Amino acid sequence: MKIASFNINGIKARIEALTRWLNEAQPDVVVLQEIKSVDEGFPRDHFEDMGYNVETHGQKSFNGVAILSKLPLEDVTRGLPGDDSDEQARWIEATVTGNHSSVRVCGLYLPNGNPCPGPKYDYKLAWMARLEARARQLMADEMPALMAGDYNVIPQAEDAAKPESWTEDALFRPETRAAFRRILNLGFTEAFRARTQGPGHYSFWDYQAGAWQRNNGIRIDHFLLTPACADMMTDCQIDKDTRAGDKPSDHVPIWITLDA
DNA sequence: ATGTCGCTCTACGAGCGA
């Protein structure tokens, strides 16, 4: 089972690039971030015609997450628990079933948090506390589970081409990285780092200042796996070449394969 | 490099978010 995550930065602007990548990569399941669309505006029919089941959790203009899956999506829930007043669409869950195991798939778009400090950074840290609470529940459940998406977290200095330029940024502040580590320390496996060590692996390059041409990237899109899920992992890769295509997102897809 | 892109408004560029 191939499960991917892709921050597409707007479904209307990315429908061609996303379709191209889906045809090449052939994921069974993909969680999308920043669809920047209400549910009614998402081109559901287009992806259904490609053989995908479609579940969205959108909002106007900003944020918005979705799941596309060639397998049935069961028990779909929307919104990160813990704050009923939070109207930002950043979390969606569903269960998919393979040949011998079901997997709880959580798609997330963690707040950026800049400028830092400020109310947006406070919201980021509060959201991460709610994420930790949901992560604890997933750990306590028996079903293998993963949380995939744009975490807006640079875990370590080696995950940035120029870490010195991120020291005051919400993506790399010590409080941000500590909150990320608290979740990891519940027992999650960060899929990419379980298989690939060393610097130079990125999932995002800013549109500005020739960041892609200079390979000035950061690795902020991640898979966190419960132990039962990590036991099933057979591969984890970053589709870097997608950034060189026509009209690309500023993020590239990441994916794992599970023997599920 | 202060370097770009996507979205919305009642627009024909500006402001916001990233």
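Throughout, protein chains are lettered first and strands after them, A, B, ... in sequence-line order, and every chain is numbered starting at 1. Here the structure is a predicted model, which means the values were calculated and not measured.
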Checklist entry - Separation of A:Asn7 atom CG from B:dG6 atom C1', in whole Å? => result 12 Å
Item to check | Donor-acceptor under 3.5 Å (A:Asn53 side chain, A:Ser69 main chain) | outcome: yes
Item to check | Nearest-angstrom distance from the residue atom NZ of A:Lys12 to C1' of B:dC5 | outcome: 15 Å
Checklist entry - Counting side-chain heavy atoms from C-beta on, which of B:dT8, B:dA18, B:dC7 comes nearest to A:Lys36? => result B:dC7
Checklist entry - Taking CD from A:Gln33 and C1' from B:dA18, how many angstroms apart are they, rounded to a whole number? => result 14 Å
Checklist outcome for this item: Taken to the nearest whole Å, CD/A:Glu34 to P/B:dC16 is 18 Å
Checklist outcome for this item: Rounded to whole Å, CG of A:Asn9 lies from C1' of B:dC5 at a distance of 7 Å
Item to check | Sidechain-backbone polar pair: A:Asp49 side chain, A:His46 backbone, donor-acceptor under 3.5 Å | outcome: no
Item to check | Pairs where residues 162-188 of chain A contributes a residue and the test salt bridge (Lys or Arg N to Asp or Glu O under 4.0 Å) is met, not counting sequence neighbours | outcome: A:Glu132-A:Arg182, A:Glu168-A:Arg173, A:Arg173-A:Glu175
Next on the checklist: Of the options B:dG17, B:dG6, B:dC7, whose atoms approach the side-chain atoms of A:Lys247 most closely?
Outcome noted: B:dG6
Item to check | Closest-nucleotide 5' rank along DNA chain B - winner of A:Pro248 and A:Asn63 | outcome: A:Pro248
Next on the checklist: Can you tell me how far apart OG (A:Ser5) and OH (A:Tyr151) are? Round to the nearest 0.5 Å.
Outcome noted: 8.5 Å
Item to check | Integer angstrom distance from the P of B:dG6 to that of B:dA11 | outcome: 23 Å
Checklist entry - Got a salt bridge between A:Glu55 and A:Arg78, using NZ or NE/NH1/NH2 to carboxylate O under 4.0 Å? => result yes
Item to check | d(CD, A:Gln59; C1', B:dA18) in whole Å | outcome: 14 Å
Checklist entry - In whole angstroms, how far is the P atom of B:dC7 from the CG atom of A:Asn112? => result 18 Å
Checklist entry - Of the nucleotides B:dG6, B:dC7, B:dA18, which one has an atom closest to the side chain of A:Ser61? => result B:dC7
Next on the checklist: Closer than 4.0 angstrom, basic N to acidic O: yes or no for A:Arg219 and A:Glu190?
Outcome noted: yes
Item to check | Residue whose nearest DNA chain B nucleotide is more 5′ - A:Ile11 or A:Gln88 | outcome: A:Ile11
Checklist entry - Would A:Asp150 and A:Gln33 satisfy side chain to side chain donor-acceptor pair (under 3.5 Å), going step by step from the backbone distance to the final call? => result CA-CA 7 Å; A:Asp150 177 0; A:Gln33 302 89 40; over 6 Å; no
Item to check | Selection from B:dC9, B:dC7, B:dA18 that lies nearest to any side-chain heavy atom of A:Lys60 | outcome: B:dC9
Next on the checklist: Please identify which of these residues, A:Ile92, A:Leu32, A:Leu108, A:Asn7, meets the side chain to side chain contact (heavy atoms under 4.5 Å, CB included) condition with A:Val65.
Outcome noted: A:Ile92
Next on the checklist: Closest approach to the side chain of A:Arg90, judged atom by atom: which nucleotide of B:dG17, B:dC5, B:dA18 is it?
Outcome noted: B:dA18
Checklist entry - How long is the line joining CZ of A:Arg243 and P of B:dT4, in whole Å? => result 13 Å
Checklist entry - Which of residues 200-218 of chain A have a heavy atom under 4.0 Å from DNA chain B? => result A:Tyr207, A:Gln208, A:Ala209, A:Arg214
Checklist entry - If the P atom of B:dT10 is compared with that of B:dC5, how far apart are they to the nearest Å? => result 26 Å
Next on the checklist: Checking contacts here: which listed nucleotide (B:dG17, B:dC5, B:dA18) is nearest the side-chain heavy atoms of A:Tyr109?
Outcome noted: B:dA18
